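Remarks on the structure that follows.
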Protein chains: 2
Amino acid sequence: MAATLDHVFASLADPTRRQILVMLLEDDLAVTDIAEPFEMSLTAISKHINILVAAGLITQEKRGRVKWCGLNPAAMKDASIWMESFGQFEAVNLDALERFLEAELDDDKTS
Amino acid sequence: MAATLDHVFASLADPTRRQILVMLLEDDLAVTDIAEPFEMSLTAISKHINILVAAGLITQEKRGRVKWCGLNPAAMKDASIWMESFGQFEAVNLDALERFLEAELDDDKTS
DNA sequence: TATTTAGTCAACCGGATGGTTGAGTTTTTG
DNA sequence: CAAAAACTCAACCATCCGGTTGACTAAATA
């Protein structure tokens, strides 16, 4: 799949999709597992997943009736490099990163 | 301006807007200057610029009848950190980055 | 075999996006 | 003062996006 900058950035612009990616950091998950914490239909989540797959950010493997979803962070590389080319950001502080990710998770839950 | 991840990523999802940001790497520019290389109306470019301003990626200063636009790469920081948290990307290779940016510029010109 | 589970598909809906044109405002310039 | 330059604003348009529901297929299970 040609994961263009357009697709990757557009995928990441939605908080539901970002939360899905964060969930997949821990484990591969089935579509139903991914949908469980969200207050929206399975169909809606399925569409979000398809968008992430099209962007290359998620890979899928069907075993039986279950479609397992796994993270493919490599698909972010070009986009990440693109952004870095603008940054004169200081090196990432790991504590700051942790707090940031927690805040982002809370935001997703309450919005 | 609260530059949320939503706004920053959505801003970057459009090739016209990315090209505008690249143009501003070199110099601050007036709205008309930014619009010149594009085959689209000044109004359309003005809208794109407003979106980038809302995302915090561009700052504006009006002097006389001219609105000068300048890059604010700091607004990318949170988004960049977010992506980095997924990456186990190897350190950025500067040559690769250069080739990548040139290719991106060509893409923008021809699409 | 009958039923549940996992997931997709198709149709629809309201609102956002990306573009247009035409008119209007303000500042500079001749 | 008159005209040009540098924008903005408002209205409109087609398409995309994020969500819904209801019907469907395929695999596991009782």
Side-chain angles (χ1 to χ4, degrees), chain A residues 1 4-21 23-24 27-55 57-70 107-111, chain B residues 1-21 23-24 27-55 57-70 107-111:
Chain A
M1 185 59 55
T4 64
L5 290 185
D6 286 37
H7 287 140
V8 171
F9 281 130
S11 290
L12 298 181
D14 184 281
T16 300
R17 289 194 288 264
R18 285 198 306 276
Q19 193 177 340
I20 291 174
L21 293 177
M23 290 169 68
L24 290 174
D27 258 318
D28 284 15
L29 292 171
V31 173
T32 309
D33 300 332
I34 293 176
E36 197 273 331
F38 294 95
E39 286 178 348
M40 101 182 48
S41 70
L42 179 62
T43 304
I45 295 295
S46 178
K47 283 188 186 179
H48 280 302
I49 291 174
N50 284 337
I51 289 170
L52 290 165
V53 169
L57 293 163
I58 280 184
T59 58
Q60 289 182 309
E61 185 196 354
K62 193 171 180 180
R63 281 206 302 274
R65 66 183 163 184
V66 177
K67 232 175 186 175
W68 293 95
C69 302
D107 282 355
D108 286 339
K109 277 172 193 159
T110 58
S111 68
Chain B
M1 182 61 56
T4 65
L5 291 184
D6 286 36
H7 287 139
V8 171
F9 281 130
S11 291
L12 298 181
D14 184 280
T16 300
R17 289 194 289 265
R18 285 198 307 276
Q19 193 177 341
I20 290 174
L21 293 176
M23 289 170 68
L24 290 174
D27 256 319
D28 285 15
L29 292 171
V31 174
T32 309
D33 299 332
I34 293 176
E36 196 271 334
F38 294 96
E39 285 179 350
M40 104 182 42
S41 71
L42 179 62
T43 304
I45 294 296
S46 178
K47 283 187 185 178
H48 280 302
I49 291 173
N50 285 337
I51 289 170
L52 290 166
V53 168
L57 294 164
I58 280 184
T59 58
Q60 289 182 311
E61 185 196 352
K62 192 171 179 180
R63 282 207 301 274
R65 67 183 163 183
V66 177
K67 233 174 186 176
W68 294 96
C69 302
D107 282 355
D108 286 339
K109 276 173 192 160
T110 58
S111 67

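Chain A is the first sequence line, chain B the second, and so forth, proteins listed ahead of strands; every chain is numbered from 1. Please read all numbers here as calculations on a predicted model, not as lab measurements.
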Over how many whole Å does the gap from N50(A) atom CG to dT8(C) atom P extend? 6 Å
When every non-hydrogen atom of A55(A) is compared with those of S11(A), the smallest separation belongs to CB-OG, 3.3 Å
Would you kindly give the NE2-to-P distance between H7(B) and dA16(C), to the nearest whole Å? 11 Å
Earlier contact from the 5' end, DNA chain D, for A10(A) and K62(A): A10(A)
Sugar-phosphate only, base, or nothing, as touched by S41(A) at under 4.0 Å among non-hydrogen atoms: base
With a 3.5 Å cut-off and just heavy-atom distances, do the side chain of R65(A) and the base of dT5(C) make a donor-acceptor pair? yes
Distance check, rounded to the nearest 0.5 Å: D27(A) atom CG versus C69(A) atom SG? 12.5 Å
Starting from the C-alpha separation in whole Å, work towards a yes-or-no answer on side-chain contact (heavy atoms from CB on, under 4.5 Å) for I49(A) and K67(A). CA-CA 11 Å; I49(A) 291 174; K67(A) 232 175 186 175; over 6 Å; no
Give the rounded distance in Å between these two atoms: CE of M40(B) and P of dT17(C). 16 Å
On DNA chain D, check which nucleotide each of T43(A) and R63(A) is closest to and give me the residue with the more 5' one. T43(A)
Would you mind reading off the distance between D6(B) atom CG and dT17(C) atom C1', rounded to a whole angstrom? 15 Å
For DNA chain D, which nucleotides open and close the run of contacts to chain A, 5' to 3', at under 4.0 angstrom from a non-hydrogen atom? dG18(D) to dA28(D)
Here the pair of heavy atoms bringing M40(A) nearest to T16(A) is CE-OG1, 3.8 Å
In whole angstrom, give the distance that lies between atom CD of E39(B) and atom C1' of dG19(C). 14 Å
Check whether R17(A) reaches the backbone of L12(A) with its side chain - one donor and one acceptor, N or O, closer than 3.5 Å. no
Taking OP1 and OP2 of dT20(C), is either one under 4.0 Å from a side-chain nitrogen or oxygen of K47(B)? no
When you check the phosphate oxygens OP1 and OP2 of dG18(C), does a side-chain N or O of R17(B) lie under 4.0 Å from one of them? yes
Between P of dA6(C) and CD1 of I34(A), the distance in whole Å: 13 Å
Measure the spacing between NE2 of H48(A) and CD1 of I20(A) and express it to the nearest 0.5 Å. 6.5 Å
Over all strands shown, is L42(B) touching base, sugar-phosphate only, or nothing at heavy-atom distances under 4.0 angstrom? base
Taking the side chain as every heavy atom from C-beta outward, state whether I34(A) and L24(A) have any pair of such atoms under 4.5 Å apart. yes
For the pair made of CD1 in I49(B) and P in dT17(C), what is the distance, rounded to whole Å? 17 Å
Length of the NZ-P vector between K67(B) and dT27(C), whole Å: 12 Å
